[in-house]
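The structure appears below as structure tokens.
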Number of protein chains: 2
Amino acid sequence: MSYPTDELLALASETRATILQRLEAGPRTVGEIAQGLPVSRPAISQHLRILEQAKLVTEEYQGTRHIYRIDPTGLATLRTWLDRFWTRSLDAFAAEVERQNQTPHPSHAKQRRASRP
Amino acid sequence: MSYPTDELLALASETRATILQRLEAGPRTVGEIAQGLPVSRPAISQHLRILEQAKLVTEEYQGTRHIYRIDPTGLATLRTWLDRFWTRSLDAFAAEVERQNQTPHPSHAKQRRASRP
DNA sequence: CTTATTGGTAAGTTTTAACTTACCATTGGG
DNA sequence: CCCAATGGTAAGTTAAAACTTACCAATAAG
């Protein structure tokens with residue numbers, strides 16, 4: 001699977017996190033979402049576009065209102081990718097522990113750059 | 001749980017994705033990681049700092065070499081959060097489907113702004 | 001038809017992230 | 001001690017994201 005750039009980028013924003021949080025309570029119009037947030041409504045529209053492209057929300061038109069709701073699709077993509085990444089990482093981690101056990105460990109410290117006058 | 005901003009931001013970068021991909025094959029020094037990548041070594045150092053702060057990699061000092069490896073901690077944080085978010089979203093989604101079934105649906109279209117002359 | 005409501009888009013600005021060059025600290029080896 | 005190797009940090013630049021104001025299109029309601 002390719003790297004889920006769109007989904008990760010969409011989620012890596014406090015403002016969009018807040019938007020999603022509001023949508024967890026149910027479908028909302030743009031005005032309702034923007035209500036009380038510290039950014040302008042056009043900004044919200046732009047964030048919604050990004051969330052929509054990442055398939056994290058869907059848009060429905062009811063007359064002049066645009067209703068947004070959470071779309072599980074993007075989350076599913078992310079979950080699948082994260083699970084695979086998780087598995088591969090744990091494998092790599094375990095393999096390294098294995099390698100470590102076959103050689104005497106050199107005992108590490110972690111400090112540096114304490115330049116004294 | 002608080003929103004995993006650090007982890008998401010750290011992962012939402014092609015360059016850092018490449019770095020992690022290299023580390024999946026096992027521990028690497030900074031030089032090895034930077035080898036062949038289209039950005040300078042200092043840039044890699046900066047990316048590694050971000051990955052480290054997100055607990056996605058660990059750093060170990062062996063003399064003048066700095067060895068980096070994947071750290072499952074950040075991934076675990078992300079997994080936990082994503083699972084909860086997933087559950088809540090599915091719940092919200094299901095609740096909405098339920099609500100939808102109790103009222104006659106108004107049949108939606110999705111197109112707009114096709115202004116003709 | 002006229003007017004109000006709702007919200008998308010354009011264009012420009014500001015803020016933040018990514019990257020570069022220059023430099024220096026630490027370690028290892030002669 | 002001297003020099004090479006390794007890589008972190010500072011300061012500045014470039015590129016990208018986030019946000020603003022201004023404007024307009026579509027629908028609803030009178």
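Treat the numbers as computed from the prediction; the structure is a model and nothing was measured. The chains referred to below are lettered A, B, ... by the order of the sequence lines, with proteins before strands, and numbering in each begins at 1. Values below: every heavy atom of this structure, side chains too, minus hydrogens, waters and symmetry copies.
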### Task
Go through C/dG8, C/dT27, D/dA18 for me and flag the one nearest to the A/Ser45 side chain.
C/dG8
### Query
Taking the nucleotide of DNA chain D with the closest heavy atom to each, which residue, A/Leu9 or A/Ser40, is nearer the 5' end?
A/Leu9
### Query
Closer than 4.0 Å, any side-chain N/O of B/His66 to the OP1 or OP2 of D/dG8?
yes
### Query
B/Ala43 has a side chain; which of C/dC19, D/dG8, C/dG7 sits nearest to it?
C/dC19
### Query
Does a nitrogen or oxygen in the side chain of A/Arg65 sit under 4.0 Å from OP1 or OP2 of D/dA26?
no
### Query
Using a cut-off of less than 4.0 Å, is there contact between a side-chain N or O of A/Tyr68 and OP1 or OP2 of C/dG8?
yes
### Message
Check this one for me: any side-chain N or O of B/Ser13 less than 4.0 Å away from OP1 or OP2 of C/dA17?
### Response
no
### Task
Tell me which of B/Ile50 and B/Pro42 sits closer to the 5' end of DNA chain C, going by the nucleotide each one is nearest to.
B/Ile50
### Any B/Tyr61 side-chain N or O less than 4.0 Å from OP1/OP2 of C/dG28
no
### Summary
Atom CD of A/Gln62 and atom C1' of D/dA28 are separated, to the nearest Å, by 13 Å
### Message
In this structure, how many angstroms lie between the P atom of D/dA18 and the CG atom of A/Leu37, rounded?
### Response
15 Å
#### Entry: No-hydrogen, no-angle side-chain donor-acceptor test under 3.5 Å, B/Thr5 and A/Glu14
yes
### Query
Can a donor-acceptor pair under 3.5 Å be found between the side-chain atoms of A/Thr64 and the base atoms of C/dT6?
yes
## Note on the structure
Separation of D/dA10 atom C1' from B/Arg49 atom CZ, nearest Å, is 14 Å
### d(CD, A/Glu60; P, C/dG8) in whole Å
13 Å
### Task
Round to a whole Å and report the spacing from CD1 of B/Ile44 to C1' of C/dT21.
16 Å
### Query
Please give, in whole Å, the distance from D/dT6 C1' to B/Ile33 CD1?
13 Å
### Task
Salt-bridge test for B/Asp83 and A/Arg79: reply yes if a basic N is under 4.0 Å from a carboxylate O, no otherwise.
yes
### Message
Between B/Glu32 (side chain only) and B/Thr29 (backbone N and O only), is there a donor and an acceptor less than 3.5 Å apart?
### Response
yes
### Query
Within the side chain of A/Tyr68, is there an N or O that forms a donor-acceptor pair under 3.5 Å with the backbone of A/Ile19?
no
### Task
Could you check how far CD1 of A/Ile19 sits from C1' of C/dG7, rounded to whole Å?
14 Å
### Query
Roughly how many Å is it from CZ in B/Arg28 to P in D/dT6, rounded to a whole number?
16 Å
### Task
Compare side-chain N and O positions of B/His47 against OP1 and OP2 of C/dC19 and report whether any pair is under 4.0 Å apart.
yes
### Sole candidate of A/Asp71, A/Thr73, A/Ile70 that passes side-chain contact (heavy atoms from CB on, under 4.5 Å) when paired with A/Thr58
A/Asp71
### Message
Students often get this wrong, so: under 4.0 angstrom with heavy atoms, is B/Arg41 touching a base, only sugar-phosphate, or nothing?
### Response
base
### B/Gln46 (side chain) and C/dT20 (base): donor-acceptor pair under 3.5 Å
yes
### Task
Please check the phosphate of D/dT6 (OP1 and OP2 only) for any side-chain N or O of B/Thr29 closer than 4.0 Å.
no
### Message
Whether the side chain of A/Arg16 engages the backbone of A/Ala10 through a donor-acceptor N/O pair (distance < 3.5 Å, no angle test) should be reported.
### Response
yes
